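If you're wondering where the values come from, they're calculated on a predicted model, not measured in any experiment. Convention: sequence-line order gives letters A, B, ...; per-chain numbering from 1.
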Amino acid sequence: MNLFGFFSRRSSAPVARERLQILLAHERAYSGKSDLAAILQEEILAVIAKHIELDRDKVQVKLDRGKAVSTLEIDIEMPTQVGARA
Amino acid sequence: MAKVLVVTSGKGGVGKTTSTAALGVALAKSGQKVAVVDFDVGLRNLDLVMGAERRVVFDLINVVQGDAKLAQALIRDKRVENLSLLAASQTRDKDALTQEGVTRVIGELREKFDWIICDSPAGIERGATLAMYHADVAVVVTNPEVSSVRDSDRIIGLLDSKTAKAEKGERIEKHLLLTRYDPVRAERGDMLKTEDVLEILSIPLLGIIPDSEEVLKASNLGAPVTLSSPTSAPARAYFDATRRLIGETVAMTVPTDKKGFMERLFGRRVA
């Protein structure tokens with residue numbers, strides 16, 4: 001950052017650089033492979049469906065790809081006892 | 001009733017994705033429920049310009065093929081209420097985009113949103129024709145430059161022949177959005193003037209977006225210019241265009257940025 005950077009607000013190029021690095025690291029790692037999030041969702045749901053009836057509309061999957069760690073959040077709305085399997 | 005809007009141009013790099021994001025934010029801020037949909041399968045970028053690239057799990061193709069529900073694939077913007085993104089697939093082939101699948105997804109989107117903004121890929125191939133097929137309104141993004149104007153003319157021809165509305169004998173509403181406009185160069189005679197472009201393309205003008213460094217800053221940050229810098233010249237131009245889109249009458253001007261004291265003192269910094 002040059003001297004005049006002191007007077008202006010934080011520049012945007014470093015933000016762009018970091019965003020691209022994170023994004024491309026993930027895209028290169030997964031290119032050609034099937035979508036991990038989709039596979040995980042399918043398998044996790046299959047396990048849960050053994051025990052309870054699931055409404056596919058009530059499943060939300062959220063992902064946040066980070067630099068060091070990514071988080072996968074699967075939100076499953078469980079029905080009340082009525083739908084429970086033995 | 002929901003409106004489907006396609007942002008298209010034929011030529012690449014004229015500002016379709018930037019304009020989709022900026023108009024999407026401006027419409028959502030005005031209280032409309034908005035979904036922006038990326039049709040550029042294999043080369044998606046709307047997620048990046050919207051700052052949602054880390055959150056994409058499912059995409060348009062997953063929904064088209066029935067692998068995911070629409071509600072699961074829509075990414076809600078964390079900063080703007082009423083704004084959602086449906087990303088394009090980065091890994092799949094564009095042939096996975098079927099006419100029937102797109103029709104179903106657009107139908108579902110119409111039930112949930114007031115505006116569905118389809119960001120078209122460049123070119124006139126499958127992705128571009130599918131992006132425009134269901135449109136009620138088209139925004140043709142054009143730079144004041146010969147090849148862009150020529151490609152826009154070609155796209156206008158397709159809008160009048162290859163869309164659902166055209167096939168039913170109806171007219172699709174078309175608007176011109178002139179981007180990267182430099183009033184100084186146009187006045188000097190070194191850039192096509194607004195009147196020149198309008199005369200050649202003869203479709204109504206939606207807005208003139210001045211060339212501005214704020215647009216690049218906005219995409220660097222992953223925040224559309226109408227969000228990151230709402231008082232800047234290009235943002236004001238996008239807000240005016242949005243008001244015209246929803247039927248308001250707004251005088252046509254080219255907003256300019258007033259330079260700050262430091263900038264005037266030191267001129268434009270290059271690096």
Does B:Q65 have more than 12 heavy atoms from other residues, nucleotides or ligands lying within 6.0 Å of its CD? yes
Heavy-atom count check: over 12 atoms from other residues, nucleotides or ligands less than 6.0 Å from A:E18 CD? no
Which bit of A:L23 comes within less than 4.5 Å of chain B, counting heavy atoms only: side chain, backbone, both or neither? side chain
Set of residues satisfying side-chain contact (heavy atoms from CB on, under 4.5 Å) with respect to B:D40, sequence neighbours excluded: B:D38, B:L43, B:P121
Give every residue pair that meets the side-chain hydrogen bond (donor to acceptor under 3.5 Å, both in side chains) criterion with at least one member in residues 22-32 of chain B, sequence neighbours excluded. B:Q32-B:W115
Within a strict 4.5 Å, meaning less than it, do heavy atoms of the A:V15 and B:N220 side chains meet? no
Crowding at CZ, B:R185 (>12 non-hydrogen neighbours, <6.0 Å): no
Mark yes when over 12 heavy atoms from residues, nucleotides or ligands other than A:E42 sit less than 6.0 Å from its CD; otherwise mark no. yes
Any B:R54 side-chain heavy atom under 4.5 Å of A:I22 side chain: yes
Turns out that what part of B:L48 lies under 4.5 Å from chain A's heavy atoms comes down to both
Contact list (residues 82-90 of chain B to chain A, heavy-atom gap under 4.5 Å, by number) returns B:Q90
Contact summary for A:R19 and B:S219, nearest pair of heavy atoms: NH1-O, 3.0 Å
With a 3.5 Å distance limit and no angle check, can you tell me whether B:R55 reaches the backbone of A:K62 through a side-chain donor-acceptor pair? no
Does B:Q72 have any side chain to side chain donor-acceptor pair (under 3.5 Å) partners at least two apart in sequence or in another chain, and if so, which? none
